[in-house]
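Below: the structure, in structure tokens.
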Amino acid sequence: MSELKNIEKLVFSFFCDSSDFNGIPLRQVSQDLNLDYEESIDLIKELVKSEIVSIQSSTNPHIIGFKHHPVQSQLEILEDAKSIKVEKQSFGNFEIAMEQTEYPICLYPTPKYTEGNRDVDIYGYAKYSVELALSAPQMSFRFFETDILERYSNDPRFDFEFQDFSGQISCKYDDEGNPILREEDQIFLKSFGLGFDSSGARVVAAMLCDLGKLSSEHQVAWGAKEIPSTECKVLDDYYNNLILGQWITSKSVFTALIDEINAIYKLTESIFGIPLFHKELDGEHRPKNFTFFFSPTSKNYYDFINLLDKYLSENINKSFFEGSLELEELKPIGDNMVERVRKGTLRLLEEWVSLSFRFPDDSFPKKMLKPLKDVRRERQKPAHKVIENDYDPKFIDKQKKIMEACYISIGSLRRNLQTHPKAKSVELNAHLDDEKVKYF
């Protein structure tokens, strides 16, 4: 009976004393308490049955990963562990004992045990640190409303990185290497990603182990935006990349549109000696608001539209049309009076497309470029009237629809350009037409 109690205390104290909520290796129990290895396993099995101790067995059992294993499974693993051998290897004057198994075992107090025995007052209001201290799985996900990211995205004192699927947050430092934020805000969130709730709405997903490293103040802020995990799931691309180490093979519509614009730049420069667009776009270091917005407000929507128009109509190079189109036109301004005015970039592009390609329907160029004109019209709205900064989920759907339409429009233009005889020599991404594009 005393031996059982000694193991119970050893497992609990090891976990509590660990700074990263680690478990004690199975063989260390017998060594620390001077017990026979196989006898210690039988005692541990009794503690597992009593829901005092639980085990983790994996390539990294030193943390509680995704979940606690069923009791029967733990008992079987422990029984099999009796046959694990130890091999000693010498390195100079050092000798290391290594267990001959791919899946070592560590012991932890169960959540039921920690809840009844651990004092978590030292963590104060640090919600996620408390969960970790009570034996919650470190790699389990918590989900949040997307506007939790607004605080970090809008504050230039935070280094906020987000690439449609995932991102990270940290505080910035001055030229001398000192943090520019007060201590409570000197945070580092190693990773967060995209998820969806039961209705398909976007949410933010983050692992408990990363949340537990935030300051108490920030844990409170995140806790206020938490959504029950039972209603949410992690985006497959983010999960497979973060947990399984797989490459993300799909791309967001934001990245896909940039790729199409850059492909047109290369095609037109090679074919005509001058690019249709003023510049190629940097997909790696694009403006942080060229993604879905974290809060559906009119300000966020029109800020995005403004940037999108700069990438499209404002990026069109008028010099591209010189020699093939009249860049100006005469407009009546009164009785027998006219004025010479410059044509807009979208007007020029539509005329050029009509002259350059054959379509079964003369209205096709206008239809193809309509999304770009819609963006220009949307951009002009705030310029002509005062728009209150309203919160409305409709802006999420408006952004999705306008991005999808623009992507299809620019993609159609690129495919028409690729029919030019000189386009065959232009090297483009071979997967432009078959990549998985996600609209969120």
Checklist line | side-chain contact (heavy atoms from CB on, under 4.5 Å) assessment of Tyr439 paired with Phe254 | finding: CA-CA 8 Å; Tyr439 300 94; Phe254 306 100; over 6 Å; no
Cut-off 3.5 Å, side chains only: do [X] and [Y] have a donor facing an acceptor?
| X | Y | value |
| --- | --- | --- |
| Arg286 | Thr255 | yes |
| Ser54 | Gln74 | no |
| Asn300 | Thr297 | yes |
| Ser191 | Tyr238 | yes |

Would you say the rings of [Y] and [X] are close, in the sense that their centroids are separated by under 6.0 Å?
| X | Y | answer |
| --- | --- | --- |
| Tyr311 | Phe290 | yes |
| Phe143 | Phe196 | no |
| Phe165 | Phe440 | yes |
| Phe293 | Phe395 | no |
| Phe158 | Tyr152 | yes |
| Phe294 | Phe162 | yes |

Any salt bridge linking [X] with [Y]? Criterion: basic side-chain nitrogen under 4.0 Å from a carboxylate oxygen.
| X | Y | answer |
| --- | --- | --- |
| Glu131 | Arg142 | yes |
| Glu115 | Lys112 | no |
| Glu217 | Arg151 | yes |
| Arg415 | Asp433 | yes |
| Glu46 | Lys49 | yes |
| Asp197 | Lys233 | no |
| Asp164 | Lys251 | no |
| Asp309 | Arg376 | yes |
| Lys299 | Asp303 | yes |
| Asp374 | Arg377 | yes |
| Glu314 | Arg379 | yes |
| Lys127 | Glu226 | yes |

I'd like to know if the side chain of [X] and the backbone of [Y] have a donor-acceptor N/O pair within less than 3.5 Å.
| X | Y | answer |
| --- | --- | --- |
| Gln186 | Cys171 | no |
| Gln138 | Ile63 | no |
| His69 | Gln56 | no |
| Asp210 | Ala206 | no |
| Ser57 | Ile77 | no |
| Ser270 | Val426 | no |
| Thr146 | Val203 | no |
| Thr345 | Ser313 | yes |
| Tyr37 | Val29 | no |
| Ser50 | Ile52 | no |

Notebook entry, point to check: How far apart are the C-alpha atoms of Lys367 and Asp361, what are their side-chain angles, what is the distance that settles it, and do they pass the salt bridge (charged side-chain N to carboxylate O under 4.0 Å, His left out) test?
Noted result: CA-CA 10 Å; Lys367 292 177 181 177; Asp361 183 349; 3.8 Å; yes
Tell me whether [X] at atom [atom1] has more than 12 heavy atoms from other residues, nucleotides or ligands lying less than 6.0 Å away.
| X | atom1 | value |
| --- | --- | --- |
| Lys288 | NZ | yes |
| His431 | NE2 | no |
| Tyr103 | OH | no |
| Tyr125 | OH | no |
| Lys422 | NZ | no |
| Lys373 | NZ | yes |

Checklist line | Phe272 and its ring-ring contact (aromatic ring centres under 6.0 Å, His included) partner, picked from Phe321, Tyr265, Trp352 | finding: Trp352
Distance in Å, [X] [atom1] paired with [Y] [atom2], rounded so as to fall on 0.5 Å steps:
| X | Y | atom1 | atom2 | result |
| --- | --- | --- | --- | --- |
| Ile187 | Leu189 | CD1 | CG | 6.5 Å |
| Ile55 | His68 | CD1 | NE2 | 12.0 Å |
| Phe21 | Ser135 | CZ | OG | 9.5 Å |
| Lys310 | Leu312 | NZ | CG | 13.0 Å |

Measure across [X] and [Y] and return the closest heavy-atom pair with its distance rounded to 0.1 Å.
| X | Y | result |
| --- | --- | --- |
| Leu10 | Ser13 | O-OG, 3.1 Å |
| Gln418 | Leu428 | NE2-CD1, 3.6 Å |
| Pro137 | Leu208 | O-CD2, 3.5 Å |
| Val120 | Ala133 | CG1-CB, 4.2 Å |
| Gln163 | Gly283 | OE1-O, 4.1 Å |
| Phe292 | Leu194 | CZ-CD1, 3.4 Å |

Check: Are side-chain heavy atoms of Val375 and Cys406 found at a separation under 4.5 Å?
Finding: yes
Margin query: Any non-hydrogen side-chain atom of Leu78 less than 4.5 Å from a side-chain atom of Val48?
Written below: yes
Checklist line | Glu51, Arg118, Glu8 screened by side-chain hydrogen bond (donor to acceptor under 3.5 Å, both in side chains) with Tyr113, the one that passes | finding: Glu8
Next item on the list: Take Leu235 and Lys438, measure what side-chain contact (heavy atoms from CB on, under 4.5 Å) needs, and give me the verdict at the end.
Entry: CA-CA 11 Å; Leu235 178 72; Lys438 298 198 171 181; 4.2 Å; yes
Note to self: Go through it in stages, so that I can follow the logic: the residues are Ser298 and Asp390, the test is side chain to side chain donor-acceptor pair (under 3.5 Å), and I'd like the CA-CA distance, side-chain angles, deciding distance and then a yes or no.
What the structure shows: CA-CA 5 Å; Ser298 54; Asp390 296 326; 5.1 Å; no
Check: Is there any side-chain hydrogen bond (donor to acceptor under 3.5 Å, both in side chains) pair reaching into residues 398-408, and which pairs are they, with sequence neighbours excluded?
Finding: Glu378-Lys398
Check: With sequence neighbours left out, what residues match Asp392 under side-chain hydrogen bond (donor to acceptor under 3.5 Å, both in side chains)?
Finding: none
